[in-house]
Amino acid sequence: MNITTIVHITGFALILIGFWGMLTQKNMIKIILGLAIVETGVQLVMVAFGFIDGRTAPILDSAVELSKASSLIVDPVPQALVLTAIVIGVAVNALMLTFVIRLYQQKKSLSINDYKDLKW
Amino acid sequence: MVNPIYIIAILLGLGFLLPSINKAGIKVTVTIFFLGIIAVTAISYQWLSAFLIDGQQAVQIFTAGFKPPMSINLQMGLNEAVLITLINFGALLGAIYSFKYFAENGIQALVVFLLFILGMNGLVLTRDIFNIFVFLEITSIATYILIGMDLRLKSLSAGFKYMIAGGIASVFLLLGIILIYSKTGTLNLDGMIAAVSAAGSSQILFVGVFILIFSVVIELKVFPANGWALDVYEGSDTGISAMISATSATALLFVLYKVLPLASIDLTKMIVIIGVLTFVVSNLFAIMQKSTNRLLGYSSIGQIGLLVFVIASKDILGDNFEKIFFGLLISHFLAKAGLFWLSGIVKAEKIQDWVKIKKHPILIFMFGTFILALMGFPPFPSLAAKWSLVMILAENGSFLWISLVILASILEVLYLFRWFGYILKLEDSEEKVEKPQHQLHPVYIVTLLLYVAGFYITRSFDAGLSINFIPLAFVGILFLIDFLPVYIKNTLVMIAVSYYGYILVPGLDTLKLIFALIFLVGGILTFIPGYSVKGKRIGFYPVAAMMYVGLIGLIEAETFFQFFFAWEIMTAGSYFLILRGKRSMSHALSYILFSAGGAYLILFGFALSGAETGSILLTSLSEVHIYATMVFILLALGFMTKTASIGLHIWLPGAHAEAESDVSPMVSAVLLKAGVFGLIILFIAMRNNDVSNLFYILGWVGAITALLGNLIASFQEDAKKLLAYSSIAQLGYILFALAIMTNVGWLAAIWYSITHFLYKALLFLAVGAIVLKLKTHKMYEMGGLIKKMPMSFISVLIGIIALSGVPPLAGFGGKWLLYNAFILKGWYFQGAIIAFSGVVAFLYLFKLIYSIFLGPIKDKHRKMTEVSVWYLIPQYLIIATLMVLSSKPRMILEKVGLYFKEILPENTVVWNGDAASTFVNGKLFGVWDPFYIMIIVCVMFAVLLGFLLFASRKATKVEMFNIVYSAERPESPQTAHFSYNMFSHYRKALGFLVLPLVTNFWNFITDLFHSSSDFFRKFYNGNAQVYIMHIIGFVVFFYFILNGGIF
Amino acid sequence: MELTLTSRILYSLLGLFIVFNYGLLQSGVMRKIVARVAGRYGIPVYQSYFDIIKNLAKRSQITHGIMFYLGPIFRLGGGIGLFLFMPMIFGSIYFKNFSFTGDIVLLMYFQFFGMLGMALGAGEAGHPNSTIGISRGLAQFTTVEISFTLAIIAIAIQYQTLSVYNIVAAQQGGILHWTLFQNPVATLAGMLSFLGIMRHAPFNVVMAPQEIPIGPPTEYHSTYLGMLQSNRAILHIVESALFMNLFFGGATNWIEFIVKTFFIYFTTVFVGVVFPRYRVDQSVAWFVKVPLVIGVLGVIYATYIN
Amino acid sequence: MTRMDDLKKRTVTAPDGEVFTVDPMKEYFCDKRPEVQEPAHPLLEKFFNWARSNSLWVLGWGTGCGSIELPPLTTPRFDMFRYGVQMRPTPRQAGVFIISGYLAVKTLKRVIRAYEQMQGPKYIIALGSCTINGGMYYDSFNTINRLDHYIPVDVYITGCMPRPEAILSGFVELKKRIRAGKAEGANDYAERFDWYKANQKKVIKGWDMPDYNW
């Protein structure tokens, strides 16, 4: 079992755990955390897909010789994607938390079950 | 050409700059904000015109100086140009509309809105899959923020649900992207598509594509993963909802369009199913919905479902895909944005509360425009698009999809028109509508755009080129001059109808001439009473003219599309006309439901025919053979909804009875003939297509319609309902006569069409005027009016004699022709039913004239005077015509007989002088000499009248209570008026025939839909977690289905 | 040889005169027969003449309005019209009247001419009992027409014509050529409806004398009533003649005419004295049961057996 | 509204909102007085009277106890039809009115109405002693004693009760009077209308009908 597989498994496990959390927890903050865990899992999976055994991070500094860079570093694209995804994920999570705060201010409850006024 | 990259640059740059510009003052900021949006709109419009006018080719724009896959590339083609123009212009209007909302939230809102526009533009333009993710997130986050600025609880909770759903979707998207990337090694869409098709089967790729496409589909809010979306539509500010429904949905649809080539055939098929399912289910759920914005949400989702279906069926639709897609999209885009904006202006929580715009004709006009555009009525873009869609689906044999689309469309008709009915017909509300100008202007603009787009898009279809828009333009002008007083508009309309007739009539053959005359003369005659109305009669003339435009369009129609176009115009016009009656809300609704259902059946029938023969001409129906039975049934049913044959008749009585006094003759005497005309066209075309069994069935249907119509009419207490049921029966005769398919049978049908037009117009005008004056429909509340309204009495007398078929008036001609026809045809038992129902007519005719005019007069009518002269003029014109036709029917019938001789050579009528006769094997069969009969009857009548007048010259004229009442006197006029339940004994004996089985059946159907709607919509129980489960379950479910290889 | 219009009119009036007097006498004879059945001496056979003269000689009159006049006019017009449109004597150019202007359909619908007028006149009288009578009469008549129509259809199938004159022509040449023997089922259906058309018991609740003092003509008196009585005399004969023409081979001379119409009309009197009266809903229900079925059988008989 | 209020003036509202009064007594009934109807030319009148006498249509209404004697007239034993006498259910068509026995004031009112609704020439046969002098009810508070104070009588048939044979003989008597041109009760009623009316109004309390019921 190589490192990629382990990361893959971990990533998918995190996704599942996150979904489990989103589906079972009533507390909205926990649901957000669940989503965060899912995102982390996805990010792990992405990194794992880009990883090539025995290569280094795609940072062009002194450790990497520029001319051979493409054969020394791992695939840089997933890494870039992950960076973007992390940024966006953080932003979304922060925004969600502000929503939760606002909701809490109005109804003094964090339970998702208390916000069912809109339905049918 | 401005590089589209500048669109992104401008928006992004402004977004960052605005906060610093703000120091120069809010006015400057706002100016720059709008200038920015205008600039991007201008850029996109510049591209659009370049593509449309200069025929420019699509261009690729590369960023950072590299070619893909090393860099991100944008593509600007015609589709993209149309979409970003739409989006930017929509966003501009949205910004104007929501300006106040933004102002409350400060400069941030403006920034966020710019980012929102940026995201959507990016989604449309980019060809890089990861870039799609980024732009999607930008759009989403901007949307979240825009929603979250509204601090109401429902807005926040909806926003929260949206975010969770959006979060899951974006997770899926990421996962999909990386899975595909891992196999294809590129993020560029074109590269990916090429790689995926080259890669062959790979589980990872399969999962990646699946999950990618499903994440886009989830963002598009398809059923069942869309509970959150409804909450968003309901909870957030209407300005934002409008943007979500219109602009961002547009961008997302295009994303789906772009990524769908990745999908396998099975997956595409699944998207097709999901699209249709969404369309059907959303509309089903919507019918129980009372909350305005949520209803609009359901409607949005339904429309988007339809668009998803269209996108997924791209391969089938071929060249027409773009037109269909844009036709539907633009209708949805403009109408839904308009509706949401309108909803924000009206501020009505429940759809019933919309009644407060009752006094605002402009708002109503715009609302009507929007719902008609949504449903695909002419002249809006969606009509031609839906038409082409169904045509092409039929060519591919996708009958299930057609049926489902039709079903959902009917449901859509139900809730949108019910809503419209509420607006016009519910009790007035005290609430005032504020009309902020900055919010209204965008709505005006989208309304206008809908018409413009309708014109251009309809004409962009091959079928649409032949549509004559000039009469419609006239209707438009009438809308514009609606502020003028009645007599000007009335004169104008009558002149227009006459002039149109003057142009039209010379070129017509006998058949079309007769129907053109019915429509045109009917139009003029029924407009005359309009002079009696004082004031402006807002809204009447445009819709009445619309109906007549549709009717005349039917005459002129050569192709399926022309016919359907005219049919829909007529339906819409007559619906609005009927809706004008005081208590006509539910009746107008059932009218439009049946009419729309009928129209869709006609559409389906035409589509099948077109699919088989490949021709668009009405005459090509004769070449249909494989689908002959099917086409015939569909078209016949469609037309029979208009002629109100039994089973499809329940809309008629209420609609005709509750319409305004001068509208009743329009819809009863004139409009019903449109169905007859359709049937005639159909029968002529398909007479040799091996459908004779169906004619036989139709004959029975006609006979039963006639019998039951007359029986039910006999038990009515409402004068206009009585006439309405009588119309049903008369149309039953016509259907029966047509189905006989012999020369004399068709003569009977034509003769009935003409005479029914005359005497029913006469009766409805006379009775309508009286109803108007007495302010009651109930016959037992009338009575004794002969002394107050002798002129009306003579009209009704002539009308009922003509209708009953008593010689010497014209009605007898119909009976004689019909007897000859059915006996010669050998339809003895149907004929006996027809004969019996003809006799039953005496019951209600007597009841009508007795209850209204004879018997004792009621106290409150003692000072009654004759009805308005404007109602009498058309009546006496009709009487004169009836008299001439009664004595000289040869004038018309001989020509008609000759015209039909080529089509139907059997059983012709031979004319000898004024006498008509039929022959069997050279031997005389029947004979009828109307002129002689008229003379004999008149002479006899004159002699006897003279004798009696002489003999009783000294008679004392007595009053109403000078009757022998068992040596007593009646208590009051009411007790001496035997009218209520006049034929109770008849009901006792034959009442089993008139049990309301059909009504119960349709009630059952509507109840079924409503209760299932109410039951299944509980699916969206408001719990965000359940929604999460829906999303995950949706993905997992379809994954397993797809993986299990069911498709 | 064709008659000129003037002589046709004159011969028609002569025929009308014969029919009118025959009708008056016949009703007297029928009443005499009924009286004798009851063991009474009975009314003079010429009583109808007294009654009509007396009614015409009434000194005072009232009127309820112009439609009140139209009742008797339409009624008598209906009777005379039916006479004019019917060939009375087969083979006679003098007494075929104006039957060439129409066929059996015209006769069927001309029956309604009088009914409609009477209905309107009685309505104008403003008496609720008149209207009740009318509503009963119309209701009953609708169902009476069913079996009549079916019988006519059967005849039309059989003789391939709707023209009454031709129908009679087809029945010439011996008693077995009559519709009565050619299609007994249709004849039965027709005769059952004849009972209803003649409105004798059991179908005379329309004019129930004690319940709704004689129904439609409650308010009619003097000249009006005289005209109604004249019509009744004519109509009975003309209706009988219609059935004679349709089912019993027509008549080639006035003697045959009188004998046949007498017996045809006598059937209704015979049934009338034997059976009690139906309520209107009962008679309506009866007509859509028994005669309807017989009529249908008659049509089937005409279609398949002949 | 009770039975008594039926004919009172009332205010009604027309459908168009106009308010006006209705006076049923004036507007529901014709208020013309009866007129003397001159006989036709004597010769013609003789012929008419011959026909009239042979066609006596009796209003089928028993006003008092004597009406029990009328039904036997239709039986084979007495058979009034052979004299041309027939029953009519409606006064409009009837020419002969048989006042059968005592006449209560309540019935008198209806008798007047029915009589006035018959068309002239019209005849009245008064049956039984009570119509002549009140008979055994001579001192009753609610029967009249002498019929011809209220309506013109052509033939009185005495007895309590007269047998059907007597009634037949009364018919024969009436026929004679008609043929002799003496049965002009209707004209008498018109000539002395005020006198008859005054007598009627004297006994009938709460007069609630027009003076002459057409």
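Order of the sequence lines fixes the chain letters, A, B, ..., with proteins taken first and strands second; residue numbering starts at 1 for each chain. Note that the coordinates shown come from a computational prediction; the quantities given were computed from them, not determined experimentally.
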Q. Heavy-atom count around K201(D) NZ within 6.0 Å, excluding the residue itself: above 12?
A. yes
Q: Please tell me if the side chains of L56(D) and F50(C) come closer than 4.5 Å, counting only heavy atoms from C-beta onward.
A: no
Q. In terms of heavy-atom proximity below 4.5 Å to chain D, should S222(C) be classed as side chain, backbone, both, or neither?
A. neither
(Q) Is it the case that atom CZ in F20(D) sees more than 12 heavy atoms from other parts of the structure closer than 6.0 Å? (A) yes
Q) Can you say whether A186(D) sits under 4.5 Å from chain C via the side chain, the backbone, both, or neither, judging by heavy atoms? A) neither
Q.
Please output the residues of residues 56-76 of chain C in contact with chain D, using a heavy-atom cutoff of under 4.5 Å, in numerical order.
A. A57(C), K58(C), R59(C), S60(C), Q61(C), I62(C), H64(C)
Q. Hey, is CZ on R77(D) packed in by over 12 heavy atoms from elsewhere, all under 6.0 Å?
A. no
Q.
Rounded to the nearest 0.5 Å, what separates atom NE2 in H221(C) from atom CD in Q117(D)?
A. 11.0 Å
Q: Would you give the length of the straight line joining atom OH of Y224(C) to atom CZ of R92(D), rounded to the nearest 0.5 angstrom?
A: 10.0 Å
Q) Can you check whether D51(C) reaches Q86(D) side chain to side chain, under 4.5 Å on heavy atoms? A) yes
(Q) Are more than 12 heavy atoms, taken from residues, nucleotides or ligands other than K32(D), located less than 6.0 Å from that residue's NZ atom? (A) yes
Q: Nearest 0.5 Å please: distance from the CD1 atom of I53(C) over to the CZ atom of F47(D).
A: 3.5 Å
Q.
Which atoms of R88(D) are under 4.5 Å from chain C, going by heavy atoms: the side chain, the backbone, both sets, or neither?
A. side chain
Q: State whether the side chain of S55(D) and the backbone N or O of K54(C) hold a donor-acceptor pair below 3.5 Å, judged by distance alone.
A: no
Q: Could you name each residue pair satisfying side chain to side chain donor-acceptor pair (under 3.5 Å) that touches residues 147-157 of chain D, not counting sequence neighbours?
A: R146(D)-D148(D), D148(D)-Y156(D)
Q. For the candidates Q119(D), K122(D), M80(D), Q37(D), which exhibits the highest count of non-hydrogen atom pairs separated by less than 4.5 Å from chain C?
A. Q119(D)
Q: Using non-hydrogen atoms and a 4.5 Å limit, figure out which bit of E35(D) sits close to chain C: side chain, backbone, both or neither.
A: neither
Q.
Looking at I68(D), I'd like to know if its CD1 atom is crowded, meaning that more than 12 non-hydrogen atoms belonging to other residues, nucleotides or ligands lie closer than 6.0 Å.
A. no
(Q) So for S53(D), is it side chain, backbone, both, or neither that comes closer than 4.5 Å to the heavy atoms of chain C? (A) neither
Q: Write down the atom of T90(D), the atom of T218(C), and the distance for their closest heavy-atom approach.
A: OG1-O, 3.1 Å
**Q.** Contacts of residues 19-48 of chain C with chain D (heavy atom under 4.5 Å)
**A.** R31(C), A38(C), G39(C), R40(C), Y41(C), G42(C), I43(C), P44(C), Q47(C)
Q) Measuring heavy-atom distances to chain D, does N55(C) have an atom under 4.5 Å in its side chain, in its backbone, in both, or in neither? A) side chain
Q: Go through the atoms of P39(D) and report whether side chain, backbone, both or neither lie under 4.5 Å from a heavy atom of chain C.
A: both
(Q) More than 12 heavy atoms of other residues, nucleotides or ligands under 6.0 Å from CZ of F270(C): yes or no? (A) no
(Q) Heavy atom to heavy atom, less than 4.5 Å: which residues from residues 232-244 of chain C reach chain D? (A) none
